[in-house]
Amino acid sequence: MSDTQVSPDHPLRNLKYDLPAGIVVFLVAIPLCLGIAMASGAPPLAGLLAGIVGGLVVTLASGSALSVSGPAAGLVVIVIAAIENLGFDGLLMATVIAGVLQIVFGYLRLGRIGAFVPSSVIKGMLAAIGLILIINQLPLMAGIAQDAEVGLFDTALFEQGSGLALTIALVSLAILLLWERPSIKGSVLGRLPAPLVAVVVAVLIDRLMPASLMAPLGDAQRIGLPIDAMGFAGASEFLGQLQMPALDRLLDPEVYMVAVTLALIASLESLLSLEAVDKIDPQRRHSPPHRELKAQGVGNLLSGLIGGLPVTAVIVRSSANVQAGGRTRMASLVHGLLLLASVALLAPMLELMPLACLAAILVHTGYKLAKPEMLVEQYRKGFNRVVPFVATVVGVMAMDLLKGVLVGILCGLFFMIRANYRRAVSFTQEGHHALLRFRTDISFLNREEVRSRLEQVAAGTYLIIDARQANHVDPDIREDIEAFARNAPARGISVELRDVGGLSATFPADPDVLRELEDPSSEASTSPQRAFG
């Protein structure tokens, strides 16, 4: 088959681009999978399994050419709370149920739900996740063991900390920041993934630092994997390390609450990542969102069954795929296959990674999610943007992810209703001519304003009520307007209705009343009249 006969998206035609891109994504994914598992309080193997499922299963089921799936920093808050309340096996069951819900979402064609969440709320959610990541990883950067109960401002932090761990963390952060400079990005070094460089340098510092200068790291300060069961003692032993969901938790209502939260947040994050990847795709392809929900559902269903963390489409690894020149789904498949090979063959090498380095990578990730510039940007866009943003950040950090997002959405709805309320009704009057115009749909929220406007119309006025720009007028408001129009002639008010609930008519003022109004001594000019019947 000639080159011109092969589809531009065919894997064989693009293998020379997808193979190196897949390797780059794998190198980025390794520390992130392990780091996210560590930040979640889950076994490191759970992060790798989620990455494998995302790279192999979700990729094959998805319709996106460039999106990469795996464990996500955006779910860390939910996973931490779930493990604390349900245990790890309870989290796995919630992940399985969440996967089923996502498949249902896909068949219900709910792939557009991301469009109904205000961007300020989404950015607030990401900022809160970033802040939580930073706060949770600072002790690990200082060399405090994961299971040590030491607060961020506890004096024991200095007593139990490790100078070598802190050195590794600071050097890792410096590398990550240095790799963002244009001079590095445009060089040969810029082709190497920054997280990989940070990990390699951290391992070298750990191994080469003389014990006379700094106390060496302990085993608790490095990644811990079940080496004996990971390809060195047979497949049966490896399978024995896989944790299964607890079937008895199917009767626990809290499991379903966690599952719904996971399904909603994971779906939202996946759809937002999908939209972002489509925007940076050089070929401007469109990924089907409903199919993506089904693919993510299948991935979470399988990941929960074999002991992996929840998965979503992730923008960091997806953008790395695009920047590395990936063309088709083969790049993500290569990354998944390499993750699988690393679990089977490279476990001893993975255990060389210092936790302080992974913590630094997560702190850097958290900073990118919660940059101060984001708050400044929302502030410049107006009060109606910054308030939902701040409310979401505070809500997520004070309560949990779902409740915080709901608080942000409610704030956004308040400002939306307020804006529509203010622009829905306009009233102008010049002399004896007045215009009451409905600029958009009118709901019960506008009833009091409409009634007050009608009440202030003076006798002798020619009033036009124009509803041609409103597709819907609340029935109660329509009844008020019709009652006013019927009674207005007796008050010396002429009313012209223009498409008010489909009604266009003119109610001229009573001539006798108008003559009486011209006489200042007449009773009609001084006695009040009822505006409504």
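- The side-chain contact (heavy atoms from CB on, under 4.5 Å) test with Val450 singles out one residue from Asp474, Ile477, Asp476, and that residue is Ile477.
- Under the 4.5 Å side-chain criterion, counting only non-hydrogen atoms from C-beta, Ile465 is in contact with Leu454.
- Annotation for Leu176 and Ala360: closest pair CD1-O, 3.9 Å, computed over non-hydrogen atoms.
- Every pair passing salt bridge (Lys or Arg N to Asp or Glu O under 4.0 Å) that includes a residue from residues 116-133 is listed here, sequence neighbours excluded: Lys123-Glu377.
- Applying the side chain to side chain donor-acceptor pair (under 3.5 Å) rule to Asn446 yields no partners; only residues at least two apart in sequence or on another chain are considered.
- Residues Pro388 and Pro118 have side chains not in contact (no heavy-atom distance under 4.5 Å, counting atoms from C-beta outward).
- Partners of Ser273 according to the side chain to side chain donor-acceptor pair (under 3.5 Å) rule, which considers only residues two or more places apart in sequence or in another chain, do not exist here.
- Here Ser69 pairs with Gln296 under the side chain to side chain donor-acceptor pair (under 3.5 Å) rule; sequence neighbours left out.
- Atom CZ of Arg284 sits in a crowded spot, with more than 12 heavy atoms from other residues, nucleotides or ligands closer than 6.0 Å.
- For Thr59, the side chain to side chain donor-acceptor pair (under 3.5 Å) partners two or more places apart in sequence, or in a different chain, are Ser332.
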Notebook entry, point to check: Going through the checks in order, is the side chain to side chain contact (heavy atoms under 4.5 Å, CB included) test met by Val76 and Ile132?
Noted result: CA-CA 9 Å; Val76 166; Ile132 292 172; 5.7 Å; no
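- Looking at every heavy atom in both residues, Ala246 comes nearest to Met93 through O-CE, 3.5 Å.
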Next item on the list: Could you please spell out the steps behind the side chain to side chain donor-acceptor pair (under 3.5 Å) verdict for His364 and Glu180?
Entry: CA-CA 11 Å; His364 184 251; Glu180 292 183 349; 2.9 Å; yes
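- Distance alone, capped at 3.5 Å, is enough to place a donor-acceptor pair between the Arg329 side chain and the Ser62 backbone.
- Shown here is Glu430, whose CD atom has no more than 12 heavy atoms of other residues, nucleotides or ligands within 6.0 Å.
- Between the CG atom of Leu131 and the OH atom of Tyr367 there is a distance of 11.5 Å, given to the nearest 0.5 Å.
- Contact annotation: the side chain of Val298 never approaches that of Leu302 to less than 4.5 Å [non-hydrogen atoms, C-beta and beyond].
- With hydrogens and angles left out, the side-chain atoms of Ser267 and Gln102 include a donor and acceptor closer than 3.5 Å.
- A donor-acceptor contact shorter than 3.5 Å is absent between the side chain of Ser67 and the backbone of Ser64.
- The distance from atom CG of Leu92 to atom OG of Ser303, rounded to the nearest 0.5 Å, is 8.0 Å.
- In this structure a side-chain-to-backbone donor-acceptor pair under 3.5 Å is missing from Arg439 to Ala424.
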Next item on the list: Any chance you could lay out the side chain to side chain contact (heavy atoms under 4.5 Å, CB included) test for Ser287 and Asp278, step after step, and finish with the verdict?
Entry: CA-CA 7 Å; Ser287 304; Asp278 284 349; 2.9 Å; yes
Item checked: Intermediate values then yes/no, side chain to side chain contact (heavy atoms under 4.5 Å, CB included), Leu309 and Val79 -> CA-CA 8 Å; Leu309 291 176; Val79 173; 4.1 Å; yes
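- Counting heavy atoms from C-beta on, the side chains of Val405 and Val407 never come closer than 4.5 Å.
- Scanning for side chain to side chain contact (heavy atoms under 4.5 Å, CB included) contacts around Thr95 gives Leu91, Leu262, Asn300, Pro310, with sequence neighbours left out.
- Checked against side chain to side chain contact (heavy atoms under 4.5 Å, CB included), Asp281 has the following partners two or more places apart in sequence or in another chain: Leu66, Gln283, Arg285.
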Next item on the list: Report the C-alpha separation of Val390 and Leu375 in whole Å, then their side-chain angles, then the decisive distance to 0.1 Å, and conclude whether the side chain to side chain contact (heavy atoms under 4.5 Å, CB included) test is met.
Entry: CA-CA 8 Å; Val390 173; Leu375 175 61; 4.1 Å; yes
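- Here the straight-line distance linking atom CG of Leu435 with atom OG of Ser426 works out to 6.0 Å at 0.5 Å rounding.
- Using modelled atom types, no side-chain atom of His335 and backbone atom of Gly55 make a donor-acceptor pair closer than 3.5 Å.
- Under the rule for a side chain to side chain contact (heavy atoms under 4.5 Å, CB included), the partners of Arg498 that lie at least two apart in sequence or sit in another chain are Ile464, Asp466, Arg468, Glu496.
- No donor-acceptor pair under 3.5 Å is formed between the side chain of Thr461 and the backbone N or O of Leu463.
- Around atom NE2 of His472, more than 12 heavy atoms belonging to other residues, nucleotides or ligands sit under 6.0 Å away.
- Counting only heavy atoms from C-beta outward, the side chains of Ile135 and Met397 approach each other to under 4.5 Å.
- The existence of a salt bridge linking Asp18 and Arg327 is excluded, since no basic side-chain nitrogen approaches an acidic carboxylate oxygen closer than 4.0 Å.
- In this structure, Asp499 CG and Phe438 CZ are separated by 11.5 Å, a value rounded to the nearest 0.5 Å.
- Distance CD1/Ile442 to CD/Gln469: 10.5 Å, rounded to 0.5 Å.
- Arg447 CZ: more than 12 foreign heavy atoms inside a 6.0 Å radius.
- The shortest distance between side-chain heavy atoms of Phe484 and Arg491 falls below 4.5 Å.
- The salt bridge (Lys or Arg N to Asp or Glu O under 4.0 Å) analysis of residues 290-312, with sequence neighbours excluded, yields no pairs.
- Using a 4.5 Å cut-off on side-chain heavy atoms (C-beta onward), Tyr17 and Met330 make no contact.
- When side chains are defined from C-beta on, Pro245 does not count as touching Asp89, because their heavy atoms never get closer than 4.5 Å.
- For Phe383, the side chain to side chain contact (heavy atoms under 4.5 Å, CB included) criterion is met by Val386, Val387, Phe415, not counting sequence neighbours.
- For the atom pair CD1 (Ile481) and CZ (Arg453), the distance works out to 13.5 Å, reported to the nearest 0.5 Å.
- Of the possible polar contacts, one joining the Ser270 side chain to the Ala313 backbone as a donor-acceptor pair under 3.5 Å is found.
- When all heavy atoms of Val58 and Ala295 are compared, the closest pair comes out as CG2-O, 3.8 Å.
- More than 12 non-hydrogen atoms from other residues, nucleotides or ligands lie less than 6.0 angstrom from NZ of Lys381.
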Donor-acceptor pairs under 3.5 Å, side chain of residues 247-258 to any protein atom, not counting sequence neighbours: which ones?
unit_1: Arg249; atom_1: NH1; unit_2: Leu86; atom_2: O; d: 2.7
unit_1: Arg249; atom_1: NH2; unit_2: Asp252; atom_2: OD2; d: 3.1
unit_1: Asp252; atom_1: OD1; unit_2: Glu254; atom_2: N; d: 3.0
unit_1: Tyr256; atom_1: OH; unit_2: Leu250; atom_2: O; d: 2.8

